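Take a look at the structure set out below.
Model, not experiment: these values are computed from the prediction.
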Amino acid sequence: MGSAQVESARESARESVQVEPVRESAERDATRRSAGRPEGDDLDPGLRQGLEAILLVADEPVSEMSLATALERPTREITMALRRLAKEYTDEGRGFDLREVAGGWRFYTRAECAPLVERFVRDGQQTRLTQAALETLAVVAYRQPVSRARVAAVRGVNSDGVMRTLVARGLVEEAGHDPESQAVLYRTTAFFLERLGLRDLGELPELAPFLPDDVETLEEQNK
């Protein structure tokens with residue numbers, strides 16, 4: 001074989017070595033695009049497994065700091081991973097989603113699946129708050145911290161028994177005393193936010209349009 005032929009063979013070999021990595025890279029990019037994930041957006045499998053395992057057994061929202069401590073990862077990395085997972089579950093239309101509520105993260109069944117889950121879980125029985133309890137809870141949520149007397153003023157009926165029920169269910173708790181009357185004040189709990197799927201009280205819908213114009217007058221009369 002002449003020197004020209006040897007050089008040509010070497011050049012072909014070099015081109016072949018260069019083409020293969022380029023081809024593999026192109027195939028990986030195509031795979032990412034087909035899966036709907038941009039390049040570099042792959043989540044560390046170990047981090048994904050750790051987050052999903054912890055959140056699956058958690059019975060209350062888990063803070064990003066707690067997750068970072070348990071998984072020995074930076075909090076910023078945990079935050080980014082949680083948001084990526086939440087978006088991924090939504091984009092894929094899973095039967096559950098990952099929500100940030102009450103200062104932490106927790107799995108919830110997707111809203112569209114609520115009727116199916118309710119039918120499976122309750123098995124013909126369910127426990128609901130009474131209308132009186134819902135009214136009282138709404139007053140506490142929007143007027144907190146609030147005394148029982150003010151709750152009664154807004155509702156127009158004694159609410160002591162209902163307040164005890166809400167406290168027993170962990171939806172309402174004591175929040176000190178009124179400096180003037182020394183009456184016990186009440187506020188909603190983190191469990192309340194969790195059950196409603198809220199991050200904080202700022203996410204409560206505006207209530208003003210639904211209140212009667214004489215609410216303040218009624219409260220003053222019943223102090």
### Task
Enter the distance from Ser159:OG to Arg164:CZ here, rounded to the nearest 0.5 Å.
11.0 Å
### Query
Taking atom CG of Asp178 and atom CZ of Arg150, what is their separation to the nearest 0.5 Å?
7.5 Å
### Summary
For Thr136 and Arg155, the nearest pair of non-hydrogen atoms, with its separation, is OG1-CD, 3.3 Å
### Task
Kindly work out whether a path of hydrophobic side-chain contacts (I/L/V/M/F/W/Y, heavy atoms less than 4.5 Å apart) joins Leu166 to Leu185.
no
### Summary
When rounded to the nearest 0.5 Å, the distance separating CZ of Arg148 from CE of Met163 is 6.0 Å
### Query
Do Ser66 and Ser63 have a side chain donor and acceptor closer than 3.5 Å?
yes
### Query
Which heavy-atom pair separates Thr75 from Ala68 by the least distance, and what is that distance?
OG1-CB, 3.7 Å
### Query
Are the side chain of Arg110 and the backbone of Arg94 linked by a donor-acceptor contact shorter than 3.5 Å?
yes
### Query
Closest heavy-atom contact between Gly197 and Glu203?
O-OE1, 4.3 Å
### Query
If you measure from OG1 on Thr130 to CD on Glu135, what distance do you get to the nearest 0.5 Å?
8.5 Å
## Note on the structure
Shortest non-hydrogen pair, Leu171 vs Phe192, comes out as O-CB, 3.7 Å
### Message
As an exercise, state the distance from CZ of Arg99 to OH of Tyr108, rounded to the nearest 0.5 Å.
### Response
6.5 Å
### Side-chain heavy atoms of Val167 within contact of Glu174, under 4.5 Å
no
### Task
Take Arg76 and Glu64, measure what side chain to side chain contact (heavy atoms under 4.5 Å, CB included) needs, and give me the verdict at the end.
CA-CA 9 Å; Arg76 182 173 179 275; Glu64 294 169 2; over 6 Å; no
### Query
Picking from Val140, Val162, Val157, what satisfies side chain to side chain contact (heavy atoms under 4.5 Å, CB included) with Val151?
Val140
### Task
Report yes or no: do Val101 and Val117 belong to one cluster of Ile/Leu/Val/Met/Phe/Trp/Tyr joined by side chain heavy-atom distances under 4.5 Å?
no
### Task
Show your reasoning for whether side chain to side chain contact (heavy atoms under 4.5 Å, CB included) applies to Ile78 and Met65.
CA-CA 8 Å; Ile78 295 296; Met65 184 173 295; over 6 Å; no
### Message
With a 6.0 Å cut-off on the ring centroids, do Tyr89 and Phe96 count as close?
### Response
yes
### Task
Might you confirm whether atom CZ of Arg195 has over 12 heavy atoms from other residues, nucleotides or ligands at distances under 6.0 Å?
no
#### Entry: Smallest separation among heavy atoms of Leu98 and Ala86, with atom names
O-CB, 3.5 Å
### Query
Between atom CG of Leu56 and atom CZ of Phe107, what is the distance when rounded to the nearest 0.5 Å?
6.5 Å
### Query
Are the charged groups of Lys87 and Asp91 less than 4.0 angstrom apart, N to O?
yes
### Task
Answer yes if Leu193 and Leu196 sit in the same cluster of Ile, Leu, Val, Met, Phe, Trp and Tyr residues linked by side chain heavy atoms under 4.5 Å apart, and no otherwise.
yes
### Expected output: side-chain Thr189 to main-chain Gly170 donor-acceptor under 3.5 Å
yes
### Query
Has Gln182 got more than 12 heavy atoms of other residues, nucleotides or ligands less than 6.0 Å from its CD?
yes
### Task
Over all heavy atoms of both residues, which pair between Ala81 and Leu51 is shortest? Give the atoms and the distance, please.
CB-CD1, 3.7 Å
### Query
Is there a chain of hydrophobic side chains (I, L, V, M, F, W, Y, each step under 4.5 Å between heavy atoms) that links Tyr142 to Val172?
yes
### Task
For side chain to side chain contact (heavy atoms under 4.5 Å, CB included), just list the numbers for Gln144 and Thr188, CA-CA rounded to whole Å, side-chain angles, deciding distance to a tenth of an Å, and then say yes or no.
CA-CA 8 Å; Gln144 61 184 305; Thr188 54; 2.9 Å; yes
### Task
Flag yes if Ile54 and Met80 sit in one hydrophobic cluster, no otherwise; membership is Ile, Leu, Val, Met, Phe, Trp, Tyr, and two members link when side-chain heavy atoms are under 4.5 Å apart.
no
### Query
Does some side-chain heavy atom of Arg48 sit less than 4.5 Å from a side-chain heavy atom of Glu88?
yes
### Task
Show your reasoning for whether side chain to side chain contact (heavy atoms under 4.5 Å, CB included) applies to Leu82 and Leu67.
CA-CA 10 Å; Leu82 288 167; Leu67 290 168; 3.9 Å; yes
